[in-house]
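Worth knowing before you read on, the calculation uses all heavy atoms, side chains too, and leaves out hydrogens, waters and symmetry mates.
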Amino acid sequence: MDDNHTINQEPVFQIGLALSGAISAGAYTAGVLDFLFQALFEWDAHRGEPGVPNHRVVLKVIAGASAGAITGALGAIALARGIQPCEFDKNQIKDRYPDTYTTHQRFLCVLPPLYRTWVELPRMVGADGTGGLLGTADIEANRTHNPPIVRSLLDASVLEEIKRAAIEPNQSSPAKFASYSFIANDLHVFITISNMRGIPFRVAFGRNSYGMQTVGDRIHYVLNDLGQCKLGNNNLWLESDTLNASHQISIRTLPTKKDTDLGEWDLYGTAALASGAFPVGLSCRRLDLPWAHYMNRQYPIPVPADVEIQPDFPPGTQERYKSFAFESIDGGLVNNDPFDYAQFALTGGPAVPASGEMVEKAIIMVAPFPEPPDFLPENSPSPALTAIVRALFPALVNQARFRSSELAPAVNERDFSRFLIAPSRRMPRAGSRGAPMEHSKTEKFAIACGLLGGFGGFLDEKFRAHDFQLGRRNCQYFLQKSFLVPPNNKIVGRRGLTELQPVIPLLGSAADPVPLPRWPQMSQANFDLLSRRLKARVSAIAPRLIDAQTSSVKLRAALKFGWVTFVRSHVLNLIQQTILADLVRRGQIEGWNVPSGGSSTDVNSIIAELVNPACDLRTPQRIAQKTALPAEFVQTVLEQLSRGSVTGPVRVWKGDYGYALYSRRPTFLARRPLVGWFNRWWKRSNNTLGIRSHDQS
């Protein structure tokens with residue numbers, strides 16, 4: 001059978017999804033998938049009507065890392081429960097920017113289980129003011145363990161509840177199963193993980209060889225019965241991996257009742273959580289996989305026909321143990337953008353540019369964090385040990401995301417085989433009805449979950465709700481303006497066409513514009529609650545971390561006394577002020593608006609530097625260096641904020657050696673002349689010795 005036709009001989013355009021890791025910004029990816037499935041579903045509902053394209057688009061593979069793996073894996077389950085449109089309520093309708101469109105999207109989402117998974121359930125503090133990621137359920141569960149075990153800084157046990165809620169049926173996702181013509185009969189789901197036990201290999205060079213090991217790993221699931229489209233199989237790479245190294249699982253085996261055994265879906269959900277187990281922050285997950293999946297798997301790299309890649313496990317290991325058990329953490333640690341697995345599963349080989357006329361398969365990559373990493377200024381990081389350690393983890397993450405093999409294909413603008421959906425937030429344009437979005441202002445910060453390196457979305461449900469809707473909005477715009485092919489494309493093209501054609505047309509409810517929600521802000525009351533729960537979490541795990549380091553009762557007592565007396569308050573202040581600084585920088589907390597009532601990101605950046613706990617006093621020059629703003633502009637803003645007419649938390653205090661927030665100004669004693677003289681002497685001494693002053697950290 002031709003690989004590009006269904007059993008009904010309708011032309012088929014195949015797609016694959018590559019879902020990048022994004023921590024809490026997985027809410028954005030979830031929104032993208034939610035709208036994509038809405039568009040495909042509406043197209044099917046209008047198929048056969050005059051003017052409606054008769055080709056088909058079929059999803060064949062989902063490859064995900066970290067939050068992308070959770071979204072892809074649990075999104076497939078949500079789809080299996082059926083398309084269930086959920087409309088905006090009155091408050092949600094009010095909480096969006098006015099625009100000029102005559103019609104608007106009615107639906108908040110079409111996959112309520114996926115919305116709950118990413119918007120309603122994952123939070124630092126539970127809805128009742130307790131629990132959540134700052135809860136202590138994990139500590140209570142291990143209270144009797146000796147020595148004490150602290151598996152992560154956050155309470156990841158809540159993720160088990162989210163997994164079960166996503167897999168089990170509930171009122172909005174009843175115990176019934178749906179299948180779709182826009183999903184392949186065998187939907188391939190690749191989940192990247194980091195195998196902390198390691199996979200050993202031995203490389204031969206002539207008569208010699210040497211051993212090496214990788215933690216990069218993946219799990220291949222094949223979901224049956226979710227799709228109705230039977231594609232011909234001429235992909236030898238995928239066929240071999242499916243036969244020898246995949247888990248076959250049918251959606252018809254999903255639980256039909258709550259609080260029952262999850263069966264084989266338990267491992268499926270755990271694998272997704274393992275991919276999202278961000279190091280240190282979230283606990284690792286134990287997985288147990290068949291040896292055969294490692295001995296007979298395919299790798300997404302070109303391999304000569306007569307060459308096999310086999311791991312080199314120690315002799316007798318497979319005979320002594322029935323399976324390969326290991327602890328797994330974030331799949332994004334090694335492969336955060338699993339484009340390679342999507343590519344090989346869809347086409348059987350490495351990327352080959354496709355012209356607009358001949359393209360018949362394409363990969364859509366969803367990357368919630370598309371911004372390039374900051375290029376460090378001159379002399380950064382410093383050669384100091386602590387500075388190098390702080391810079392090490394971001395460097396490893398950036399290196400994991402760098403793929404030299406993708407550079408050449410990515411710069412080819414004539415390649416129609418790869419597309420990208422990334423956050424873009426444009427303010428609605430005032431004027432006549434139907435004003436195009438592409439002419440409106442682009443905001444500096446697109447996603448609300450981007451603060452704190454991606455963890456900030458868990459601070460407030462409003463952040464995740466915003467990003468879910470932005471994902472839906474961006475996906476709609478992508479399908480309308482970017483996912484296009486020439487009118488003579490072999491699959492999409494039809495006689496009489498003269499303009500670029502959408503691969504997926506927008507019909508029915510999918511044609512109604514998705515509104516832009518207002519930029520969300522955390523209330524001061526919620527921030528205060530967060531601070532209290534943060535203190536409780538830190539106070540709960542610190543003693544157990546100390547107990548785990550030594551069995552000496554006296555040393556434990558001394559360390560705990562030092563922690564409570566000298567360290568705890570400073571650590572809590574550092575964490576709280578760091579969170580607050582990022583909230584202020586991105587305009588995501590109430591009460592910190594600039595006096596004019598505006599929301600200038602430049603002014604917010606200056607205020608955030610004053611919130612930053614790294615220094616007590618800041619000079620305009622140092623703030624200008626940190627924010628990449630002109631020193632004259634910084635000086636002007638600081639002078640304006642230090643006027644007596646300014647009130648509230650943004651009020652600035654001006655001293656002899658710098659500026660500070662009024663709430664953080666030096667104490668009365670520190671402002672006395674004698675103390676000031678000592679400070680000047682100390683500063684000169686530090687400069688003479690080459691020691692950094694308080695504003696140079």
Could you tell me whether [X] and [Y] make a salt bridge, using a distance below 4.0 angstrom between a side-chain N and a carboxylate O?
X	Y	value
Arg81	Glu168	no
Arg123	Glu461	yes
Asp241	Arg297	no
Lys163	Asp266	yes

Residue that, paired with Phe468, satisfies ring pair (Phe, Tyr, Trp, His ring centres under 6.0 Å) out of Phe35, Trp118, Tyr115: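 Answer to the ring pair (Phe, Tyr, Trp, His ring centres under 6.0 Å) test with Phe468 among Phe35, Trp118, Tyr115: Tyr115.
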
Taking atom types as modelled, find out whether [X] and [Y] have a side-chain donor-acceptor pair closer than 3.5 angstrom.
X	Y	value
Thr347	Gln343	yes
Gln38	Arg472	yes
Asp217	Asn195	yes
Arg218	Asn335	no

Side-chain touch Thr317/Glu319, heavy atoms, less than 4.5 angstrom: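 No, side chains not in contact.
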
Do the ring centers of [X] and [Y] come within less than 6.0 Å of each other?
X	Y	value
His293	His220	no
Phe313	Trp291	yes
Phe182	Phe41	no

Derivation of the side chain to side chain contact (heavy atoms under 4.5 Å, CB included) call for Phe478 and Ile364: CA-CA 10 Å; Phe478 165 78; Ile364 301 173; 4.0 Å; yes

Is it the case that over 12 heavy atoms from other parts of the model lie below 6.0 angstrom from the OH atom of Tyr321?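 Open: at most 12 neighbouring heavy atoms sit under 6.0 Å from OH of Tyr321.
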
